Enquirer: 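Take this structure, written in structure tokens, and hold onto it; I'll ask about it next.
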Amino acid sequence: MNNFKNEFEKKLMSEEISLPESLSAENIEKLINEKGSIIDLRRRRTIDRKSVVRWVSAAAMLVILVGVISLIGFGGKPQVEKQNISDSEQQEIVENHAASSSDYSALHKTVLTYYKDIYNRSYVYSQSDSDGIFNGWFDNFGAKDEAAMDMAVGNNTANAGSSTQGVPSAAPESAGTASDDAEYSTTNTQVQGVDEADIVKTDGKYIYYYNDNSIGIDGNSIKIVECDSDAKMKLVSTIELGDYVNFELIPSEMFLYEDTLVVILKETSEYQPVTYNNAYGAVCDCCCVALKTDTIIKCFDVSDKENPKESFMHKLTGEYISSRITNGKLITVARFSIPYNSVQADDFDGACEVVKDVCVPEYSVGDGEMQKIPAERIKVFDEKNPTSFIVTSIVKLDDLSAEPKMNAFLGGAEEIYCTKEEVFVAETLYSTWTMNGEEVVSDTLGNKNEMATRIHKLEISDDGVSYSASVTVCGNFINQFSMDKYGDYFRIATNGMNWKNKKTETMVYVVDKDMKIVGFLGGIAPEEQMKSARFMGDALYLVTFMQTDPLFVVDLSVPEKPEIRGELKIPGFSTYLHPAGDGLLIGVGEGGTMTGTDGTAKISLFDVSDPYNPKELDNYSTGTMATFSGNHKEFVTVDENTFAVILYYDYTFGKAVVFSVTDGGIVIDDIYNGKSGADYGKTRAVFIGENVYVVNNGGILSYKTGEEMFVDMIDFW
């Protein structure tokens, strides 16, 4: 086929042959539109190649037509795969499609083109599968391909420009001060000045806890608990958030902004029953799958703690991804999966009208009706695979009477990294199967991988969120700490399968303000998996793992040339890294031996003052079965040298392990129990003055720090 294509192209370019009228670009395009597009399998699967050969032999003319199309393209212009388009060409495409429109015509055209492609593919399968070669493929790859299924189901460093230079020198700010000057802990955040949501917040006198227990009493509620200087507690009020039956209203997380409590929930609807065969072969019904997921934002005035009142409600279509508060603005990001219906062969035009009616993301305020986001606030920058929208909302918390600023962008979202000025939205791209084999994903440098990450840069203003630029890098991120903005550069660490040697590797990309790749370092730790990453100024600290834990120090002082400066191999691995000041770094994760993990939890203290020679100064192991969740919000800074981490023992309940960092290493100060129970879920630690509070769905236990003395309990069960 390749030889034929090459020879055909030579002859075509030298004008040694001429095409008949029936094979003109216009007629080919018409034929494709009428009979169906070429097969584009959306998932990576093992294909029976002999069957493919049989089918190709039986449809040789179709293959020739496909070859001609690949050479001359629609309208006679050469066709280029989107992932191989240059940055400048890609930017031009983005700018063309991002132009504002007074109606939804451009959006409808893009969405329905993709919908028609689904229909055409199903037509090809059903018409050409006369000998059963493609029997069953339509069910797996046609209208129910990966993108369509995603849409049907519906589906977290230092401050930008001010990171510590080279090595960590101080712990990030994570403590507040109440009106009575009692020091208290706050949520551990990634960027200074950008708050993150969590299930527990405090103002230094009251603890606000988001009880998401669907089994116990008062599930899906906010508990407001008063704490005095002696660690005595009193439950002053409960905010009921609605029924939590069949997961119709799913608790998520919350913020505390002055006297406003911001609560975020997921609302599911349009359930589809699911059946399965149990171990005895009987057909059973199980929990339904929600076809629609929306995000609800509720604000409560808690100036009167005993009588909190709802002051604002806002709903946006799409599954909640993440949120931040900065400069008094609540920035919420959701993913709205376009609800493509099953392909309707008998009334496709009617099905298109239905898709047109439901493909635009909506929002509401208060008790108002749902309304479509205005067309001029929707941008199209992903015309190749329009499966979902990034939906953003900005709410001014100092003026809840103002209309939320809504924007939407045709693209995907899985995780965000946020500064005071920008939101970087990341999504994963996967390789796909086509009739010609596997189509890999690649970056603009020519690196190929089985998966890639697409990052969209969005700028924050009083008028909402606006699109700036995008970039694709090879590999996949692990969490929000895989990303960072420092000065004019965005950096990201990824892990993926190198297409040349078929080995996993960790990669580091440096991207400029226009989202163009300027620096790259690949081939880090072949055959190992990245477990944690932390960018701090000009340095990146990476942990990978196969049997031991290599800690890599990557120098980013020259953005165009990232370099590994040092490497340390020790047992176990860290899933979270935290700066401890004076060239020290804390790692929390799993313990182990030189042959693998051993089921214990481990806290390590690294000396990274010399990037060429990182050292493990000290470590603490639980010695018994325990684990760390990897959630950075379960790590708390108590003061400059004192920290606390939640470790889960026997996988049933969390304990707050308080430790101090000294010149000699790690000193365990105290270990405080949370309420024990298998159903008590996530645990957090809150420090107010000299007291510590361990919170989970079972209740709150309070202690006097330094005395290991239990004081009081509030029972939520």
Side-chain angles (χ1 to χ4, degrees), residues 42 107 110-111 114-115 145-156 196-197 247 249-253 264-270 289-297 314-324 330-340 355 358-364 370 372-373 377-395 404-418 422-430 451-458 460 464-467 470 472 476-480 482-483:
R42 307 299 301 178
L107 173 61
T110 301
V111 170
Y114 179 75
Y115 190 39
D145 66 292
E146 180 177 3
M149 285 298 291
D150 285 344
M151 290 176 286
V153 175
N155 324 165
N156 309 303
E196 301 183 29
F247 303 99
L249 198 60
I250 304 173
S252 188
E253 47 192 5
I264 302 174
L265 306 98
K266 299 177 184 179
E267 182 183 57
T268 60
S269 60
E270 300 180 15
V289 173
L291 301 183
K292 191 173 186 295
T293 303
D294 297 324
T295 300
I296 295 178
I297 300 168
H314 174 34
K315 181 177 179 179
L316 49 153
T317 51
E319 181 184 9
Y320 174 67
I321 298 298
S322 195
S323 58
R324 301 288 190 272
L330 169 67
I331 302 150
T332 305
V333 178
R335 179 181 63 243
F336 170 64
S337 298
I338 301 173
Y340 291 99
V355 171
V358 298
C359 73
V360 180
E362 300 179 324
Y363 75 102
S364 67
M370 294 292 286
K372 289 180 170 59
I373 296 176
R377 301 186 74 87
I378 299 178
K379 305 301 179 186
V380 178
F381 57 66
D382 187 358
E383 63 170 359
K384 181 181 179 182
N385 190 30
T387 62
S388 61
F389 287 91
I390 302 168
V391 181
T392 65
S393 165
I394 288 186
V395 175
K405 299 296 184 181
M406 301 296 304
N407 292 92
F409 312 89
L410 199 58
E414 294 176 38
E415 184 62 273
I416 74 171
Y417 168 82
C418 186
E422 299 149 325
V423 180
F424 295 86
V425 182
E427 62 169 322
T428 302
L429 308 177
Y430 297 95
M451 64 178 65
T453 298
R454 186 78 167 159
I455 307 107
H456 308 290
K457 177 183 175 182
L458 310 176
I460 304 168
V465 174
S466 60
Y467 175 74
S470 299
T472 299
N476 191 28
F477 58 93
I478 53 174
N479 54 37
Q480 68 187 61
S482 296
M483 300 178 280

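For clarity, every value in this text was computed on a predicted model and none was experimentally measured. Residues: numbered from 1 along the sequence shown.
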Enquirer: Are the side chain of Thr428 and the backbone N or O of Thr453 linked by a donor-acceptor pair below 3.5 Å?
Expert: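 Flag not set: sc Thr428 to bb Thr453 has no pair under 3.5 Å.
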
Enquirer: Using the rule given for side-chain contact (heavy atoms from CB on, under 4.5 Å), can you reason through Val465 versus Lys405, listing the C-alpha separation, both sets of side-chain angles and the distance that settles it, and then say yes or no?
Expert: CA-CA 8 Å; Val465 174; Lys405 299 296 184 181; over 6 Å; no

Enquirer: In terms of the angle between their ring planes, are His314 and Tyr363 parallel, tilted or perpendicular, with boundaries placed at 30° and 60°?
Expert: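 Ring orientation, 0 to 90° scale: perpendicular.
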
Enquirer: Can you tell me how far apart CG (Leu107) and NZ (Lys372) are? Round to the nearest 0.5 Å.
Expert: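 These two atoms lie 10.5 Å from each other.
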
Enquirer: Check whether Glu267 reaches the backbone of Ile296 with its side chain - one donor and one acceptor, N or O, closer than 3.5 Å.
Expert: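 Side chain of Glu267 to backbone of Ile296: no pair is present.
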
Enquirer: Assess whether side-chain contact (heavy atoms from CB on, under 4.5 Å) is satisfied between Arg324 and Val423, documenting all intermediate values.
Expert: CA-CA 9 Å; Arg324 301 288 190 272; Val423 180; over 6 Å; no

Enquirer: Where is the tightest heavy-atom contact between Gly412 and Val425, given as atom of each residue plus distance?
Expert: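 So the two residues come closest at O-CG1, 3.9 Å.
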
Enquirer: Begin from the C-alpha positions of Ile455 and Tyr417 and carry the test side-chain contact (heavy atoms from CB on, under 4.5 Å) through to its verdict.
Expert: CA-CA 10 Å; Ile455 307 107; Tyr417 168 82; over 6 Å; no

Enquirer: Could you measure the distance from the CE atom of Met483 to the CD1 atom of Ile478? Nearest 0.5 Å is fine.
Expert: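 Separation between the atoms: 10.5 Å.
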
Enquirer: Give the intermediate values and the outcome of side-chain contact (heavy atoms from CB on, under 4.5 Å) for residues Phe336 and Ile373.
Expert: CA-CA 12 Å; Phe336 170 64; Ile373 296 176; over 6 Å; no

Enquirer: Just by modelled atom types, is the Pro361 backbone N or O under 3.5 Å from a matching donor or acceptor in the Thr317 side chain?
Expert: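 Checked: no pair found.
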
Enquirer: Nearest 0.5 Å, what's the OH-CD1 distance between Tyr467 and Ile390?
Expert: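 Taking OH in Tyr467 and CD1 in Ile390, the distance rounds to 9.0 Å.
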
Enquirer: So, are Glu319 and Arg335 salt-bridged, with charged N and O less than 4.0 Å apart?
Expert: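 A salt bridge is present here (some side-chain N lies under 4.0 Å from a carboxylate O).
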
